[in-house]
Amino acid sequence: MKKLLSTALVLVIVAAGVTVYALGYTGKSPVSSDDSERLDKIVITLLIPKIQKSVDDFYEPYISIEPTVAAYLGDSKITSIVGDAGSSIYTVTVELEPYVGPHISVGRDKMTFEISADGTVNMKKYEHLKSYDLPQNLQSLIKKPLP
């Protein structure tokens, strides 16, 4: 029995060592700033359908085409995530700049989403922070001035 326990312990230690080696353990924090930026982009990418719907709804009275949103643009960022590991609900706030045509920003917007443990995402708040003027060749898209 003692030999069986010793063998099991050795196997666990070896398995842990292999796992640490395979994951490239460096003794540093497992999440670097580059990883953090990538994680932000992943979260924004997963939220894109809800973000796009919210942007479409907001800009519909002002612009004749739907502005596009993209997680890969440098100006898209998560400004806060509230909730802890024991929480079943997270609140995520995102700032981004919807654009028309060849990435011509129409404004800067901030959206707050609530994400529940079952994956349900609800938009809680939409704030239009800033409006940008469109160039002359896109003025025909304007229905009425942005707020």
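Only heavy atoms go into these numbers, but all of them, side chains included; no hydrogens, no water, no symmetry mates. Owing to the predicted nature of the structure, the values given are computational and were not obtained by experimental measurement.
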Given 3.5 Å as the limit, does a donor-acceptor pair link the side chain of [X] with the main chain of [Y], or not?
X	Y	answer
Ser76	Ala70	yes
Arg108	Pro98	no
Lys41	Ala71	yes
Gln139	Leu134	yes
Lys144	Pro61	no

Open item on the list: Between Tyr99 and Ile104, is the side-chain contact (heavy atoms from CB on, under 4.5 Å) condition met? List the steps.
Closed with: CA-CA 5 Å; Tyr99 63 89; Ile104 298 171; 5.5 Å; no

In Å, rounded to the nearest 0.5 Å, how long is the span from [atom1] of [X] to [atom2] of [Y]?
X	Y	atom1	atom2	result
Glu97	Thr68	CD	OG1	13.5 Å
Ser36	Ile78	OG	CD1	8.5 Å
Glu127	Glu95	CD	CD	8.5 Å
Asp118	Ser88	CG	OG	9.0 Å

Task: Within-4.5 Å side-chain heavy-atom neighbours: Thr93 and Lys110 - done: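 Sidechains of Lys110 and Thr93: in contact.
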
- [ ] Flag the pair Glu114 / Ile89 as yes when at least one side-chain heavy-atom distance between them is below 4.5 Å, and no otherwise.
- [x]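 In short, these two side chains touch, coming nearer than 4.5 Å.
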
Task: Passing option when Val92 is tested against Leu46, Leu47, Thr112, Ile44 for side chain to side chain contact (heavy atoms under 4.5 Å, CB included) - done: Leu47

- [ ] Among Val55, Val69, Thr79, find the residue that satisfies the side chain to side chain contact (heavy atoms under 4.5 Å, CB included) test when tested with Met111.
- [x] Val55

- [ ] Could you go through the side-chain contact (heavy atoms from CB on, under 4.5 Å) check for Lys50 and Met123 one step at a time?
- [x] CA-CA 7 Å; Lys50 296 288 185 175; Met123 207 253 311; 5.9 Å; no

Open item on the list: According to a hydrophobic-cluster definition based on side-chain heavy atoms being under 4.5 Å apart (Ile, Leu, Val, Met, Phe, Trp, Tyr only), do Tyr132 and Val100 belong together?
Closed with: no

Task: Heavy-atom closest contact (Ser131 atom, Pro147 atom, distance) - done: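 Smallest interatomic distance, heavy atoms only, reads OG-O, 2.7 Å.
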
Open item on the list: Ignoring hydrogens, what is the shortest heavy-atom contact between Pro145 and Ile142? Give both atom names and the distance.
Closed with: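 Here Pro145 and Ile142 meet closest at N-CG2, 4.2 Å.
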
Open item on the list: Checking Phe58 now: which residues fulfil ring pair (Phe, Tyr, Trp, His ring centres under 6.0 Å) with it, not counting sequence neighbours?
Closed with: Tyr62, Tyr126, His128

- [ ] Answer with yes or no whether the side chains of Tyr59 and Asp109 bring together a donor and an acceptor at under 3.5 Å.
- [x] yes

TODO: For Thr91 and Ile81, run side-chain contact (heavy atoms from CB on, under 4.5 Å): C-alpha distance rounded to whole Å, both residues' side-chain angles, the deciding distance at 0.1 Å, then the answer.
DONE: CA-CA 6 Å; Thr91 302; Ile81 297 177; over 6 Å; no

Task: Non-neighbouring partners of Glu66 that pass side-chain contact (heavy atoms from CB on, under 4.5 Å), sequence neighbours left out - done: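 Testing Glu66 for side-chain contact (heavy atoms from CB on, under 4.5 Å), a comparison that skips the adjacent residues, returns Asp56.
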
Task: More than 12 heavy atoms from other groups under 6.0 Å of CG on Asp57 - done: yes

Open item on the list: Check this for me: Lys143, atom NZ, are more than 12 non-hydrogen atoms of other residues, nucleotides or ligands nearer than 6.0 Å?
Closed with: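 Yes, enclosed.
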
